[in-house]
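Worksheet for the structure shown next.
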Amino acid sequence: METAKGAQTRDWQDAGPSPSMATHQLSVSASQTLELLRGESTPVNLATLSLLSGLHPNTVRDHLDTLGDAGLLRRTRARAQGRGRPAWLYQARAVVPVDTGYAGLAVALAEVIQGTSQDPGKAAEMAGETWGRDLARQRGAGHTTPEAAREHAVELLDDLGFAPQPDETDSQIVRLTRCPLLDAARANPRVICSVHLGMVRGVLTEYGADPTGSHLVPFAEPGSCLLVVPPPATTP
């Protein structure tokens with residue numbers, strides 16, 4: 001099973017993503033900065049946030065670092081204009097809060113699949129594909145280019161709380177730096193991580209892209225799991 005590659009030799013406690021962070025763990029000022037971002041329809045820069053909040057830019061920068069560490073923030077470069085490096089733009093992530101009861105249910109279902117299926121990983125992946133296709137349809141999915149399908153899949157992972165970070169040098173790789181079901185994934189990576197892989201494949205399929213070759217390496221490195229979505233095969 002592709003998701004289980006290296007699972008027996010990897011220390012699950014030291015590698016992998018961080019749990020999704022609840023907003024109630026933020027300071028009042030950081031929470032207010034997050035609310036300001038949520039009120040903006042487009043990404044904004046540091047100077048704009050400082051003006052909107054009435055806070056010193058250094059204070060706002062500290063809050064942005066906190067929000068970024070919590071997986072609640074999306075940061076992108078502005079378009080280059082003239083000399084100098086473009087400014088960073090910030091936007092709140094549409095993170096779905098994780099209910100602890102839901103996480104417990106996920107663990108229980110994983111144990112049932114593990115105990116009743118001859119191939120738990122495959123069964124979990126199939127369930128994830130159904131889930132992913134349903135999520136994509138809810139977003140009005142239609143056939144598009146493979147590149148756009150991949151972007152839609154990454155966007156959905158972002159909204160679900162995985163805080164994906166596409167690799168800057170290898171377009172196939174996306175690092176999942178947060179996990180909304182981290183405890184469940186650590187307890188049963190073969191099932192939970194297969195569900196997540198299946199979900200991505202289901203989204204790709206619903207947008208008309210071939211999911212063949214896409215795979216997930218759970219707890220691949222300190223700070224993230226690795227999702228690999230190969231480019232479409234070219235016809236000679």
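Numbers here are sequence positions counted from 1.
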Handout entry: Lys/Arg-Asp/Glu bridge criterion (N-O < 4.0 Å) met for Glu35, Arg38
Key = yes
Handout entry: Option from Val229, Val228, Leu226 for which side-chain contact (heavy atoms from CB on, under 4.5 Å) with His215 holds
Key = Val228
Exercise for the section: Compute whether any side-chain donor of one residue and acceptor of the other, for Thr212 and Asp210, lie under 3.5 angstrom apart. Expected result: yes
Fill in the blank from the handout: CZ (Phe219) and CG (Leu176) are apart, to the nearest 0.5 Å, by 11.0 Å
Exercise for the section: Determine yes or no for a side-chain-to-main-chain donor-acceptor pair under 3.5 angstrom, with Ser117 supplying the side chain and Gln114 the backbone. Expected result: no
Fill in the blank from the handout: Between Asp158 and Ala163 the two heavy atoms that sit nearest each other are OD1-CA, 4.3 Å
Exercise for the section: Evaluate the side-chain proximity of Glu40 to Leu36: yes if any heavy-atom separation is below 4.5 Å, no if none is. Expected result: no
Practice task
Take Asp119 and Arg190 through the side-chain contact (heavy atoms from CB on, under 4.5 Å) test and state the conclusion after the steps.
Solution key: CA-CA 10 Å; Asp119 189 342; Arg190 186 180 184 188; 4.0 Å; yes
Handout entry: Glu125 side, atom CD; Leu216 side, atom CG - distance, nearest 0.5 Å
Key = 10.0 Å
Practice task
Please report the C-alpha distance between Asp159 and Arg139 in whole Å, then the side-chain angles of each, then the deciding distance to 0.1 Å, and finally whether the salt bridge (Lys or Arg N to Asp or Glu O under 4.0 Å) criterion is met.
Solution key: CA-CA 12 Å; Asp159 290 346; Arg139 291 172 171 241; 2.6 Å; yes
Fill in the blank from the handout: From the list Ile173, Val200, Val154, side-chain contact (heavy atoms from CB on, under 4.5 Å) with Leu227 holds only for Val200
Problem - Pro164 backbone acceptor or donor facing Arg175 side chain under 3.5 Å - result: no
Exercise for the section: Rounded to the nearest 0.5 Å, what's the gap from NE2 on His143 to OG1 on Thr205? Could you check? Expected result: 9.0 Å
Problem - Listed partners of Glu206 passing side-chain hydrogen bond (donor to acceptor under 3.5 Å, both in side chains), at least two apart - result: Arg133, Arg137
Completion exercise
Sequence neighbours excluded, the answer for side chain to side chain contact (heavy atoms under 4.5 Å, CB included) partners of Asp183 is none
Practice task
Could you tell me which residues satisfy ring pair (Phe, Tyr, Trp, His ring centres under 6.0 Å) with His196, sequence neighbours excluded, listed by chain and number?
Solution key: Phe162
Completion exercise
The reported gap from OG1 in Thr144 to CD in Glu151 (rounded to nearest 0.5 angstrom) is 8.5 Å
Handout entry: Side-chain (Ser50) to main-chain (Leu46) donor-acceptor, under 3.5 angstrom
Key = no
Exercise for the section: Following the transitive rule for hydrophobic clusters with a side-chain heavy-atom cut-off under 4.5 Å over Ile, Leu, Val, Met, Phe, Trp and Tyr, establish whether Leu64 and Trp88 coincide in one cluster. Expected result: yes
Exercise for the section: Establish, from distance only, whether the side-chain atoms of Ser29 and Gln32 form a donor-acceptor pair under 3.5 Å. Expected result: no
Fill in the blank from the handout: Correct closest heavy-atom pair for Ser53 and Val60 would be OG-CG2, 3.7 Å
Practice task
Keeping the roles fixed (side chain from Ser224, backbone from Ala220), state whether a donor-acceptor pair exists under 3.5 Å.
Solution key: no
Problem - Nearest-0.5 Å distance, OG of residue Ser171 to CZ of residue Arg150 - result: 6.0 Å
Handout entry: pair His63-Leu55: side-chain heavy atoms closer than 4.5 Å
Key = yes
Exercise for the section: Indicate if Val203 and Trp131 have the same hydrophobic cluster label, given that clusters are the connected sets of ILVMFWY residues with side-chain heavy-atom separations under 4.5 angstrom. Expected result: yes
Handout entry: Heavy atoms of other groups near Gln138 CD, more than 12 under 6.0 Å
Key = yes
Handout entry: Spacing of Leu160 atom CG and Leu135 atom CG [to the nearest 0.5 Å]
Key = 6.5 Å
Practice task
Compare every heavy atom of Pro218 with every heavy atom of Cys225, then report the nearest pair and how far apart it is.
Solution key: SG-CA, 3.8 Å
Exercise for the section: For residues Pro43 and Gln91, report the shortest heavy-atom separation together with the two atoms involved. Expected result: CG-OE1, 3.7 Å
Exercise for the section: Check step by step if side-chain contact (heavy atoms from CB on, under 4.5 Å) holds for Leu181 and Val195. Expected result: CA-CA 11 Å; Leu181 292 175; Val195 169; over 6 Å; no
Problem - Verdict with reasoning, Leu37 to Val44, per side-chain contact (heavy atoms from CB on, under 4.5 Å) - result: CA-CA 8 Å; Leu37 285 169; Val44 296; 3.7 Å; yes
Fill in the blank from the handout: Heavy-atom nearest pair, Ala92 first then Leu34, reads CB-CD1, 3.9 Å
Handout entry: Polar side chain donor-acceptor pair, Thr48 to Asn45, under 3.5 angstrom
Key = yes
